[in-house]
Structure formats: structure tokens, C-alpha cells
Number of protein chains: 2
Amino acid sequence: MTSSRSADPGPAADLAPPRRRDARATRRRILEAAQHAFSETGYSHAGLRDIAARAGTSSTLVLRYFGSKVALFEAALTAAMPVQDTLRWSRDEYPERLAEALLDTANPVRPPLMIALASGDPEAAAAAARVTEARIIGPVAAWLGGADARSRALGIAALATGFATFMRQLPLTPLPPAEQAHQTAWFIGAVRALVEGDGGPPGDAPAG
Amino acid sequence: MTSSRSADPGPAADLAPPRRRDARATRRRILEAAQHAFSETGYSHAGLRDIAARAGTSSTLVLRYFGSKVALFEAALTAAMPVQDTLRWSRDEYPERLAEALLDTANPVRPPLMIALASGDPEAAAAAARVTEARIIGPVAAWLGGADARSRALGIAALATGFATFMRQLPLTPLPPAEQAHQTAWFIGAVRALVEGDGGPPGDAPAG
DNA sequence: CCCGTAAGTTACCGATCGATAACTTACGGG
DNA sequence: CCCGTAAGTTATCGATCGGTAACTTACGGG
């Protein structure tokens with residue numbers, strides 16, 4: 001990317017000079033704050049003022065950078081989609097890795113919840129559908145292969161959404177550890193069945 | 001000003017006398033309207049004025065009958081839970097019946113969506129968690145039996161939630177019929193695995 | 001017939017929301 | 001040094017929300 005700045009700031013751009021006005025950094029902070037807010041409380045309940053406060057700015061600047069709330073949501077959901085990472089996993093490790101990612105309490109960004117909690121607002125639901133198709137259904141279906149690839153990719157997404165909703169969003173009385181392990185094992189098995197295909201694609205078995 | 005009430009009791013108002021003030025009927029209409037509104041647009045996006053308009057009354061009366069919006073939601077979700085019906089199904093027909101119920105376009109009341117779309121608001125999420133435990137996890141787990149009954153019941157609920165969200169709420173480009181059938185078949189198979197138990201309970205087949 | 005009470009309506013409140021306009025200030029090229 | 005422009009702030013708008021108070025009207029027992 002060609003920087004319009006003056007001289008090349010050097011390879012160690014991490015130690016950026018203490019710019020008090022940095023549009024790119026501000027925009028990135030807003031995007032991260034939006035991912036967190038939309039993941040925790042959903043589209044409707046996350047206000048622009050909350051997001052701006054998390055990012056250390058004002059709601060006006062948020063709108064200047066992203067145009068509207070629903071556009072910010074679409075940008076945040078797109079940025080939160082970890083498809084490029086998940087597609088590097090092998091078919092064999094995919095189910096377990098997906099479960100780990102969904103249950104990782106250290107990461108507050110949860111795309112399945114962003115999708116599920118957005119589907120109440122029509123505009124946000126349309127944005128979520130666009131991003132889901134472009135960044136999940138399409139790539140995952142291509143990665144899966146086979147005739148029912150789209151249906152299986154959609155099943156994985158639906159499974160992850162329901163799993164995340166019940167495991168991380170609803171304040172249910174927590175399961176005892178044994179049942180929790182059973183729950184995770186069931187989820188992994190269901191995803192594995194979808195990854196490997198229903199009847200099993202002929203001659204396509206990934207030699208483990 | 002919608003209807004002039006005098007002089008037209010309508011064609012055979014069932015068997016009820018033409019009461020112009022019927023608290024029970026009004027309350028029931030409000031509850032049904034709330035089930036529809038919460039199923040379609042979720043807790044946050046469904047306003048008391050919308051619900052009141054669907055029921056043909058005013059938001060004031062809604063609040064007088066149910067106290068608050070979250071209390072109305074809890075009452076509507078409880079009334080919408082079809083557990084008493086589903087538990088009459090045999091273990092064998094349960095998965096297909098559940099899929100039919102979720103995909104029935106004639107019925108606009110969808111408890112899984114009421115739960116999923118409510119989990120953004122903390123109070124509504126708590127209410128949804130209470131009703132889910134009392135009316136789904138508990139009864140279904142008892143009906144399922146076995147050590148992992150609670151975990152399996154939770155899996156069925158999570159599966160239904162994700163399935164309903166992606167099949168009926170998100171405006172995705174619809175799957176072609178063949179893939180749609182595959183999707184439904186996969187859902188039924190996943191539910192069946194949870195109903196029958198993971199390792200399979202020995203000698204516990206219920207005679208339909 | 002009469003009136004207490006329940007059923008229902010109208011008007012309104014404070015808070016919050018997304019979004020806009022106008023203003024202020026810092027950065028950097030000339 | 002100077003000033004144009006981008007970055008950021010303050011003030012505010014109109015709409016909508018859940019919720020409350022006060023008023024009106026119909027039902028039914030005495």
C-alpha cells in the first residue's frame with residue numbers, strides 16, 4: 001500500500017510516533033469496539049455512544065467514518081469473520097478448533113452472536129445475511145466441496161450460532177463439567193459429520 | 001379511530017355474548033400479539049405500541065395487564081412453549097415433528113427465535129433463560145432420561161435455535177429444494193442422535 | 001334506577017436513540 | 001511562518017421508546 005505520508009516510517013511501524021490525530025488508528029479502534037459491543041449486546045442494544053466511548057471518541061466521528069450504524073455493523077461483522085483462519089485448518093482438526101474458538105472466553109468477539117442478535121432489525125439482518133453468504137457460506141462450501149456443500153456450510157453456521165447462543169449468551173444455570181464436556185463432544189461430532197459429508201463423498205476421504 | 005362499535009356485533013360471535021369489555025379476551029389477544037411480534041422482530045425491536053395495535057388496544061392497557069415489557073415477554077414466551085405437545089410425540093417421530101413445527105410457515109410463533117432474539121437485552125435474556133430451563137431443559141431432559149439428559153436437551157434447543165435463525169429469520173438466498181431437503185434431513189438426523197442418546201441407552205426403547 | 005368499579009382511552013413524561021450542523025484544533029506542505 | 005484541510009468536539013434535532021397519571025365509559029349488583 002502506498003502511504004501518502006512523508007518518508008517511509010520504517011519497517012517498525014508498530015512503534016508509531018505519538019500522533020495525536022491518527023485517522024487509521026481511530027478507525028481501527030472504532031471497528032474493534034464495535035465488534036465487542038455487537039458481540040456482547042447485539043445490534044439493537046449496542047448504541048453508537050457506547051461504541052464511541054469504548055473507542056475513546058464520539059459518536060459523531062463513528063458516523064463520519066462509517067456512514068451509518070448498519071454500515072458500521074456490516075464492516076465490523078466482516079472484520080470479525082475468521083474465515084481466512086478457519087480454512088487453514090485441516091478437515092480433521094476443524095471441528096475441535098471451531099469448538100475451541102467458540103468457547104474461548106478470552107476472545108470477546110463472536111461472529112455467530114453478532115449474526116443471531118442482529119436478525120431482529122431488518123436492515124441489520126440483511127447486512128448479516130450478505131456477510132454470511134460472502135464470508136461463510138461461500139468460502140466454507142468451496143472448502144468442503146461436494147454437491148451438498150452449501151447446505152453443509154449452512155448447517156455448520158447454524159450449529160455454531162445455536163451453540164454460541166446457549167453456551168455463551170443465555171444466562172442459564174451452568175452445566176456440570178461432565179455434561180459440559182458431553183455437550184462439547186456432541187457439537188464436535190455434529191460438525192464433523194457435516195465436514196465429512198452425509199453419505200461420505202466417494203473417494204474423497206482425507207487420509208488422516 | 002378504526003371501527004364504529006355500535007350496532008354490529010358481527011356474524012355469530014361464536015357463542016360468546018357480545019361483550020364490548022372483556023378483560024380475558026383482551027388479555028388473550030395481547031398475549032397472542034406479543035407472541036407474534038416477539039417471534040418476528042425480537043424483544044428489542046418489538047414495541048409495546050406495535051403489540052397493542054396488533055391486539056387492537058393501547059400500550060397502556062398492555063402494561064396494566066402485564067406490568068412491564070419484560071414481564072409480558074416472559075408470559076408470551078411461556079405461553080408459546082409447545083412442550084406439552086412435543087412430549088406427547090414418540091421418540092421415533094420426535095425429530096421429524098420438530099422439524100415440521102419449526103418450518104411450518106403457517107405458524108408465526110417461533111419460541112426458538114423469541115429466545116435467540118431476546119438474548120441481547122440482559123433482562124429479557126434472564127427471562128428467556130428462566131423459561132427455557134423450566135419449560136424446555138427440565139421437561140425434555142426428564143422425557144429423554146439418562147445421565148446426559150440435560151446436555152442432550154440443551155443440544156436440541158440450541159440446534160432448533162440455530163436452525164430457525166438461519167432458515168426463517170436471516171434473509172439468505174434460499175437454498176434450492178434439493179439442498180433444502182438435505183438440510184432438513186441433516187437437522188432431523190442430528191436431533192435423532194440427541195434423542196436416542198450418544199452411546200444409546202440399553203433397553204430403553206419406548207413402545208410408540 | 002344508580003352508582004361503584006373495572007375496562008379502556010388520551011395526554012404526556014423523561015430518557016435514549018441515530019443522525020446532522022456548526023465549530024475548534026492540530027498536522028503538514030508550500 | 002502560514003494556512004488549507006483533515007481530525008475531532010459540542011450542541012442539538014426529531015423520533016421513538018417504556019412507563020405513568022388522569023380522565024372517560026360501560027357493565028352489573030343493589
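Proteins come first, then strands; the chains are lettered A, B, ... in the order of their sequence lines, and each starts at number 1.
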> Could you state the CG-C1' distance from A/Leu72 to C/dA19, rounded to the nearest angstrom?
Replying inline: 14 Å
>> Please classify the nucleic acid contact of B/Phe66 as base, sugar-phosphate, or nothing, using heavy-atom distances under 4.0 Å.
In response: nothing
Which atom pairs, one a donor and one an acceptor, fall under 3.5 Å between side chains of residues 70-82 of chain B and the rest of the protein, sequence neighbours left out?
unit_1  : atom_1 : unit_2   : atom_2 : d
B/Glu74 : OE1    : B/Arg130 : NH2    : 2.7
B/Glu74 : OE2    : B/Arg130 : NE     : 3.2
B/Thr78 : OG1    : B/Glu74  : O      : 2.8

> Is there a side-chain contact between B/Asp148 and A/Trp186, using heavy atoms and a 4.5 Å cut-off?
Replying inline: no
> Tell me: CZ of B/Arg27 to C1' of C/dA6, nearest whole Å?
Replying inline: 15 Å
> Which value, rounded to the nearest 0.5 Å, describes the distance between A/Arg152 atom CZ and B/His182 atom NE2?
Replying inline: 7.0 Å
> Any side-chain heavy atom of B/Asp92 sitting closer than 4.5 Å to one from B/Arg192?
Replying inline: yes
> To the nearest 0.5 Å, what is the distance between OH (A/Tyr94) and CG (A/Leu87)?
Replying inline: 7.0 Å
> Using a 3.5 Å cut-off on both pairing distances, which stems of three or more Watson-Crick or G-U pairs include DNA chain D?
Replying inline: C:1-30 with D:1-30
> Rounding to a whole Å, what distance do you find between A/Arg21:CZ and D/dA7:P?
Replying inline: 9 Å
>> I'd like to compare against my own output: the B/S/- annotation of nucleotides 9-18 of chain D with a strict under-4.0 Å heavy-atom distance to protein.
In response: BBBB----BB
> Quick one: are B/Pro112 and B/Leu102 in side-chain contact, heavy atoms under 4.5 Å?
Replying inline: yes
> What integer distance in Å separates A/Asp121:CG from C/dG18:P?
Replying inline: 10 Å
> Which value, rounded to the nearest 0.5 Å, describes the distance between A/Ile115 atom CD1 and A/Tyr43 atom OH?
Replying inline: 15.0 Å
> Is the NZ or CZ atom of A/Arg88 positioned over A/Trp143's six-membered ring, under 6.0 angstrom from the centre and within 45° of the axis?
Replying inline: no
